[in-house]
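Basis for what follows: all heavy atoms, side chains included, without hydrogens, waters or symmetry-related copies. Position 1 is the first residue of the sequence, and the numbers go up from there. Just so it is clear, the model here is predicted, and its values are computed rather than measured.
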Amino acid sequence: MDLEKFLELMSESGFFYPSFEIYRGGKAEVGGFYDYGPLGVELKRNIIEKWRRVFIYPYQDFIVEVETR
């Protein structure tokens, strides 16, 4: 499966959407940007929680998690 087919499959499944499709803009305006769909948000949350269970929770006495934006 090539990248284009993969991105099309993920978009059709609701994991993420190219930003220009949601906001009806042109590809040149926001090319390369994606918005998470409902399934994408849940997948991201599950990956982050799994990472925390492996790398953070066992070492809570030594590690402090800091989130920045």
Exercise for the section: Would you mind checking if Arg45 and Glu42 are paired as a salt bridge, meaning a charged N to carboxylate O distance below 4.0 Å? Expected result: yes
Completion exercise
The reported gap from CD in Gln60 to CD in Glu65 (rounded to nearest 0.5 angstrom) is 10.0 Å
Problem - Reported CD1-to-CZ distance for the pair Ile63 and Arg52, which is rounded to 0.5 angstrom - result: 12.5 Å
Handout entry: Glu8 vs Glu4 side-chain heavy atoms within contact, under 4.5 Å
Key = no
Problem - Flag side-chain contact, heavy atom, 4.5 Å: Val66 against Thr68 - result: yes
Problem - Salt bridge Glu67-Arg69, side-chain N to carboxylate O under 4.0 Å - result: yes
Handout entry: Pair Tyr17-Glu12, side-chain donor/acceptor within less than 3.5 Å
Key = no
Exercise for the section: Quick one: list whatever passes ring pair (Phe, Tyr, Trp, His ring centres under 6.0 Å) with Phe16, sequence neighbours left out. Expected result: Tyr34
Practice task
Say whether Val41 and Ile48 are linked into one hydrophobic cluster, either directly or through other cluster members, by side-chain heavy-atom distances under 4.5 angstrom.
Solution key: no
Practice task
Return the set of residues passing side chain to side chain contact (heavy atoms under 4.5 Å, CB included) with Phe55 (not counting sequence neighbours), or none when no residue passes.
Solution key: Trp51
Practice task
Can you sort out the partners of Ile47 under side chain to side chain contact (heavy atoms under 4.5 Å, CB included), two or more places apart, ordered by chain and number?
Solution key: Leu43
